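This report refers to the structure that appears directly beneath it.
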Amino acid sequence: MSRFTGTRFLTSAADVRQFPADSGAEAAFAGRSNVGKSSAINAITRTRALARTSKTPGRTRLLNFFELAPGRRIVDLPGYGYAEVPAHERRTWVPMLEGLRGRESLRGLFVIVDSRRGVADGDEELLAWVQPQHHVHVLLSKADKLNRGESMAALRAAEGALAGRATVQLFSALKGTGVREAQDVLASWLGV
Ligand SMILES: Nc1nc2c(ncn2[C@@H]2O[C@H](COP(=O)(O)OP(=O)(O)O)[C@@H](O)[C@H]2O)c(=O)[nH]1
Ligand SMILES: [Mg+2]
């Protein structure tokens, strides 16, 4: 039984003015292209193809908002932070990131990190982006590609790199590993 049974797409925002009303609670999901972010969102919300999984990474820079329950949202951040954004997109993208960060309803950030790759520069940029009141939870994705020993080593390495700035867990959308744990974290943030 999932807690998130009523998930629906709310809106795609290409500009801060298109954001839904800043009330209730929301959690953002971010990670570099192809890391398994859409698959993670789908597994956690138990909604097939809610966030499209795609093999053409980083095409559109829209913030996609989904509603899990009334006033309870997740926000899918495309691609990554500031560094990877082409110059012509910065004019709209940077204010969107700033607008999201300043929202009253933002509770925290899920950062999806490839378990084989570990915490990298782009992830550090996201950790620097959040504000002190925000939670951060890292999903070490595609953990099915690691054996038990490698998984434990990846978890320990991530814990070391994060040094208390975020909680972290192993995750596999493919095998269902850690889905329940991630749901519990999300539910606690959003109060559902
Ligand atoms: N082995 C494995 N592959 C995965 C997993 N999650 C996603 N993938 C694959 O990784 C690729 C990118 O997934 P997607 O969810 O679209 O990533 P996104 O670009 O971060 O949204 C796709 O080929 C997925 O099938 C997982 O848990 N295990
Ligand atoms: Mg995606």
Side-chain angles (χ1 to χ4, degrees), residues 2 4 7-14 18 26-68 73-86 89 92-93 96-97 100 108-127 129-130 136-155 157-158 162 166-186:
S2 164
F4 310 121
T7 307
R8 67 183 182 99
F9 172 76
L10 262 186
T11 190
S12 283
Q18 296 167 345
E26 65 195 14
F29 281 71
R32 47 186 314 124
S33 294
N34 218 39
V35 78
K37 176 167 54 84
S38 297
S39 301
I41 292 172
N42 290 339
I44 291 166
T45 62
R46 297 259 187 250
T47 308
R48 226 168 273 176
L50 179 70
R52 258 162 295 161
T53 58
S54 135
K55 282 177 183 161
T56 52
R59 234 169 12 120
T60 337
R61 244 164 248 282
L62 299 171
L63 288 190
N64 292 309
F65 290 83
F66 302 93
E67 190 176 69
L68 305 180
R73 295 174 300 276
I74 58 171
V75 192
D76 185 359
L77 275 110
Y80 241 10
Y82 305 95
E84 290 179 5
V85 183
E89 287 184 15
T92 51
W93 180 238
M96 278 217 289
L97 282 179
L100 180 65
L109 175 70
F110 274 70
V111 182
I112 324 304
V113 171
D114 191 313
S115 57
R116 297 163 299 176
R117 195 168 185 276
V119 177
D121 288 353
D123 309 307
E124 289 291 347
E125 202 185 342
L126 278 173
L127 288 164
W129 173 77
V130 297
V136 183
H137 189 64
V138 172
L139 301 181
L140 297 174
S141 68
K142 309 189 188 183
D144 54 275
K145 299 214 179 198
L146 302 180
N147 67 32
R148 197 174 167 77
E150 291 167 337
S151 295
M152 288 308 131
L155 186 57
L162 294 166
T167 49
V168 56
Q169 64 158 104
L170 293 161
F171 189 89
S172 166
L174 191 72
K175 300 279 186 199
T177 313
V179 171
R180 183 58 203 254
E181 187 180 348
Q183 288 174 330
D184 287 346
V185 171
L186 181 62

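As a basis for the values below, the full set of heavy atoms in this structure was taken, side chains included, without hydrogen atoms, waters or symmetry mates. For ligands, and for the atoms within them, numbers begin at 1 and follow the listed sequence. Computed from a prediction, not measured in an experiment: that's the story for all the values here.
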Task: Parallel, tilted or perpendicular: rings of F66 and F9 (30°, 60°) - done: perpendicular
- [ ] Could you tell me the separation between the OG1 atom of T7 and the CD1 atom of I44, rounded to the nearest 0.5 Å?
- [x] 11.0 Å
- [ ] Show the numbers, then the answer: is there a salt bridge (charged side-chain N to carboxylate O under 4.0 Å, His left out) between R73 and E67?
- [x] CA-CA 4 Å; R73 295 174 300 276; E67 190 176 69; 5.6 Å; no
Task: Contacting atoms of ligand 1, where contact means under 4.0 angstrom from a heavy atom of A173 - done: 27 (O)
- [ ] Report yes if some N/O of S33 lies less than 3.5 Å from some N/O of ligand 1; otherwise report no.
- [x] no
Open item on the list: Under 4.0 Å, counting heavy atoms only: does S172 come that close to any atom of ligand 1?
Closed with: yes
Task: ligand 1-proximal atoms of N34, by part, heavy-atom distance under 4.0 Å - done: both
Open item on the list: My understanding is that only residues two or more places apart in sequence, or in another chain, count here; which of them pass side chain to side chain donor-acceptor pair (under 3.5 Å) with S141?
Closed with: none
- [ ] Output yes if S33 passes the N/O/S-under-2.8 Å test against the Mg ion (ligand 2); output no otherwise.
- [x] no
TODO: Please work out which of K37, R32, K142 has its closest non-hydrogen atom nearest to atom 9 (C) of ligand 1.
DONE: K142
TODO: Can you measure from CD1 (I112) to CG (N34) and round to the nearest 0.5 angstrom?
DONE: 13.0 Å
Open item on the list: If I apply the N/O under 3.5 Å rule, does F171 come out as touching ligand 1?
Closed with: no
Open item on the list: Within the 4.0 Å heavy-atom shell around L174, which atoms of ligand 1 are there?
Closed with: 1 (N), 26 (C), 27 (O), 28 (N)
TODO: Would you please test I74 and D76 for side-chain contact (heavy atoms from CB on, under 4.5 Å) and show each step?
DONE: CA-CA 7 Å; I74 58 171; D76 185 359; over 6 Å; no
Task: Atom indices of ligand 1, in the order listed, that fall short of 4.0 Å to a heavy atom of G36 - done: 7 (C), 13 (O), 14 (P), 15 (O), 17 (O), 18 (P), 20 (O)
Open item on the list: Considering both backbone and side-chain atoms of K145, is one of its nitrogen or oxygen atoms within less than 3.5 Å of a nitrogen or oxygen in ligand 1?
Closed with: no
Open item on the list: Just verifying a value: how many Å separate L77 CG and L62 CG, rounded to the nearest 0.5 Å?
Closed with: 11.5 Å
Task: Proximal candidate to atom 24 (C) of ligand 1 [heavy atom criterion; set S141, S38, S39] - done: S39
TODO: For a ring-ring contact (aromatic ring centres under 6.0 Å, His included) with F29, tell me which candidate from F65, F171, F110 qualifies.
DONE: F110
